[in-house]
Amino acid sequence: MRYSSAVLIGVPPGIYKYLAQMLKPRQLVSNSLAGILMAVINITVAVSEAVLMFSGTKPQFLAVGIIALLMSMLIIGSGGTLFSGFGGVICSPRSALAPVFATIISSVYVTLHSEPDSQLPTILMAIMVTSIVTGIFLLLLGRFKLGNLVRYIPYPVTAGFFAGIGFLFVKGGLEVAIGQAPSLDMINDPHLLQLALSAIIFAVVLYAGLNKFDHWSIFPMILAIGLAVFYGWFYQSGQTLVNAIETGWLPQIGTLPELSIPVFSAADLSLVNWAAISPQTGHILVAALLSAIILLLDVSGIEIITKKDLNPDKELNIMGMASIASGILGGYPGVHVASDTAFTSKLGGNTRLMGFVYAGVVILALLAGTDFISKVPTFILGGLLLYVGFDFLIDWTWKIRSELPVADYLIVIMILAAIALVDILQGVAFGFAVAAVLFVINYSRLSVIKSEATGRDRASNVDRDLETREKLNEQGDRILILILQGFIFFGTSDKLITEIKECIEDKSRTKPDFLVLNFCHVNQLDASAVKAFSKLAQLSERYGVHVLITGAKNTYIQHLNTIGFMTGDTGQVHRMEFVQLDDGIAWCEKQILDELNRDTGGVDRNFYNLLTRLLGDEAAARELAPYFTEDRRRRGECLFRQGDVGDSLYLVIEGSAAVVIGENENRRVLRRYKSGAILGEMALYSGELRSAGVEIEEDSILYRLDAKQFRNMQTEHAEAIGKLHIYIVRLLSERMRRANRELQRLI
């Protein structure tokens, strides 16, 4: 009967339990305190950002901008509170986007200086378009499960972006503090210098205090001291509010006749000048990209802070929908804020109650209008922006200097300089250009050769008699096998050809007569790399090396055919292609055996002679031969199937048998047995079922030794069968040695 009262009033037991837990006095106090403090801090910072974004426009534009930003805080924050995987998350329009929006707003405002009626509607529409595009971009990343996409952006490039944003905040903070774009000339103006120094001092004190003391009260205390110092001086000097606004100590903010949400009126749609928005496409895309980067970085940070696993794709979807909703109402996009979440988490704000309290405080600020903002001194508004800028610059230029190699750190500084000297859009473009160059340089340092082996280490899947295999092992260094990997493009193809040339010309090793290149692990082969293979063709002709391409996609072969790389089996030097690596190696082995006059297709077709050669003892062969039975098979017949009883072994005299899996285009040969090979011996010795099936590839003559005769042989000719045991042990040992060599090479 524990939840009987809850059931009576229609509240499900699970929700009742959650509400009871959330409304415990301790949880209620800690979450409420965290929500109130975080809202006050973010509202203050948001006003500073709005002043930055709308600096240089009309005062009434700033009032609308503040309302839009507070409304966005409410929508984005509520989205995170209601739907995020962590109920205590703080989501909000991000400070890092403020310089981007400042550029968009000022550009539209200046462009429409001759159309004053179109300025505000067009600015608001530009903000709306940016928010909706950002939301759609986040939504697409989440829907297509591309939450890890940010990891493909090199760390130095990301650091350079954020360092550049820090510079723009410093610049914007000074502009808000002095009321005009900062320049060296302000040093000669005592009043401007006083305004600037006041903001800088406030920012430095705030930064030092927050980094020195890890306590929730530091920010409101420094803010209160700043206000107290200003208004103490203000009343002592006998200034008026009008005089303070005129001299730049207080901001000039227009007022709204009433709260208006959405801030954009449908009636103003006809006043929007789309031609002024279209040139901002680049900045809009930058805002979308930065939002995605910040969100994914901060989601990772929140996971560490809260020790909770979050699904980045789900968080992308949530913020995508929230940003679209905010944009439709005339607001800004937003994402997660790891630093704010860490702050509220330390205060005990770890449930959705904290988010509801946070939203309530923002609603109160919206209802209060913009009048209260005009009482906040400009040195505090500018100082807050300077603090954010200092924090970005110190984190992304000073603190990381020891974490990065010199070359990577120089890239951070170059991107920072590009953003500072030109524009954030050009800085981002420069950053991606640097990223591309970094990729080419770093990837080119990697060898596309995954592993290297010779015919000694990596034999084909063709089984022959042990003597023939030993002959092939002696000649194994003549076969060079290179397993390729990754992306072969202009940055790696020349290095590959150079490494091949060095292997061929290396005097300390046997010159390879056969070069086998396996493309099984190659992801892409571009046009520039294909042209580099013409150099390999020249090397092939110059040194008389046969080149075999194995495991390559049809498109790769088509590209190589366009430059005449493939020769087939014509001419003195062959350049051929095989579907499987084993097929290519087997071709090389056959060429070597032909040279040694040991082509297994026509040697020792006489069973008695072959058995004598295998056992190395004519008398033993004469004793054991009668126990074998001749078994002639036609092509396509099944010798035995997987799961059959292992009641016999076979000695191949002529033809070919193969272990095959799959059918038609999926058919793959795992092993082939030629003249002199023994197959099926493992099941006969162990008594287990057949582990694989064998089919006849060519008309074949085999000799079968069944289990009954095998037992009789052991009883009647113990010494002779010992020769057979020794041969099979040697055969298995050779297979094991080759397997071990290949394993060691891979390790």
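The analysis underlying the following values was restricted to heavy atoms, covering all of them including side chains, and did not include hydrogens, waters or symmetry mates.
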Is there side-chain contact between [X] and [Y], with at least one heavy-atom pair below 4.5 Å?
X: L174; Y: F169; result: no
X: E303; Y: F86; result: no
X: H191; Y: I178; result: no
X: D340; Y: T344; result: no
X: W396; Y: I165; result: no
X: L206; Y: L384; result: yes
X: C91; Y: V337; result: no
X: I380; Y: F230; result: no

Please indicate whether [X] has more than 12 foreign heavy atoms, meaning atoms of other residues, nucleotides or ligands, lying under 6.0 Å from its [atom1].
X: F213; atom1: CZ; answer: no
X: F83; atom1: CZ; answer: no
X: M186; atom1: CE; answer: yes

Mind listing the closest non-hydrogen atom pair of [X] and [Y] along with its distance?
X: I294; Y: A96; answer: CD1-CB, 3.5 Å
X: I324; Y: L139; answer: CD1-CD2, 4.2 Å
X: V362; Y: L70; answer: CG1-O, 3.3 Å
X: A287; Y: T130; answer: CB-CG2, 3.7 Å
X: A338; Y: D298; answer: N-OD2, 3.0 Å
X: M354; Y: A34; answer: CG-CB, 3.9 Å

To the nearest 0.5 Å, tell me how far [X] [atom1] sits from [Y] [atom2].
X: L364; Y: I36; atom1: CG; atom2: CD1; value: 9.5 Å
X: D185; Y: Q180; atom1: CG; atom2: CD; value: 9.0 Å
X: L146; Y: F137; atom1: CG; atom2: CZ; value: 8.5 Å
X: L296; Y: M319; atom1: CG; atom2: CE; value: 12.5 Å
X: I419; Y: Q426; atom1: CD1; atom2: CD; value: 10.0 Å
X: Y332; Y: E49; atom1: OH; atom2: CD; value: 9.5 Å

Can any side-chain N or O of [X] pair as donor or acceptor with the backbone N or O of [Y] at less than 3.5 Å?
X: R94; Y: H336; value: yes
X: S131; Y: G331; value: yes
X: T341; Y: I302; value: no
X: T378; Y: G248; value: yes
X: S118; Y: L271; value: yes
X: E315; Y: S84; value: no
X: N31; Y: N350; value: yes
X: S55; Y: L52; value: yes
X: R352; Y: T81; value: yes
X: S278; Y: A275; value: yes

**Report entry** Short side-chain donor-acceptor distance under 3.5 Å, S92 and N42
**Finding:**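 Short answer, no.
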Query raised in the report: Do D313 and R143 meet the salt-bridge criterion of a basic N to acidic O distance under 4.0 Å?
Result: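 Not counted as a salt bridge, because no side-chain N and carboxylate O are separated by less than 4.0 Å.
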Query raised in the report: L74 and L366: side chain to side chain contact (heavy atoms under 4.5 Å, CB included), yes or no, with the steps?
Result: CA-CA 10 Å; L74 177 62; L366 280 167; 4.3 Å; yes
Report task. Scan L295, I293, V299 and name whichever one has a side-chain contact (heavy atoms from CB on, under 4.5 Å) with L297. Result ->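 So the option named by the test is I293.
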Query raised in the report: Of the options V108, I277, I104, V64, which is the one that meets I123 in a side-chain contact (heavy atoms from CB on, under 4.5 Å)?
Result: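 Option passing the side-chain contact (heavy atoms from CB on, under 4.5 Å) with I123: V108.
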Query raised in the report: Would you call the rings of F61 and Y109 parallel, tilted or perpendicular, where under 30° means parallel and over 60° means perpendicular?
Result: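 Ring orientation of F61 relative to Y109: perpendicular.
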Report task. Could I get the full list of side-chain hydrogen bond (donor to acceptor under 3.5 Å, both in side chains) partners for S326, not counting sequence neighbours? Result ->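 For S326 the side-chain hydrogen bond (donor to acceptor under 3.5 Å, both in side chains) partners, ignoring immediate neighbours, are S72.
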Requested in this report: Assess whether side chain to side chain contact (heavy atoms under 4.5 Å, CB included) is satisfied between D395 and F162, documenting all intermediate values.
Outcome: CA-CA 9 Å; D395 282 349; F162 289 133; over 6 Å; no
Query raised in the report: Under the side chain to side chain contact (heavy atoms under 4.5 Å, CB included) criterion, do Y207 and I394 qualify, and how do the steps go?
Result: CA-CA 11 Å; Y207 183 87; I394 292 171; 3.4 Å; yes
Requested in this report: Please assess F379 against L195 for the test side chain to side chain contact (heavy atoms under 4.5 Å, CB included), listing each intermediate value before the final yes or no.
Outcome: CA-CA 7 Å; F379 80 86; L195 291 172; over 6 Å; no
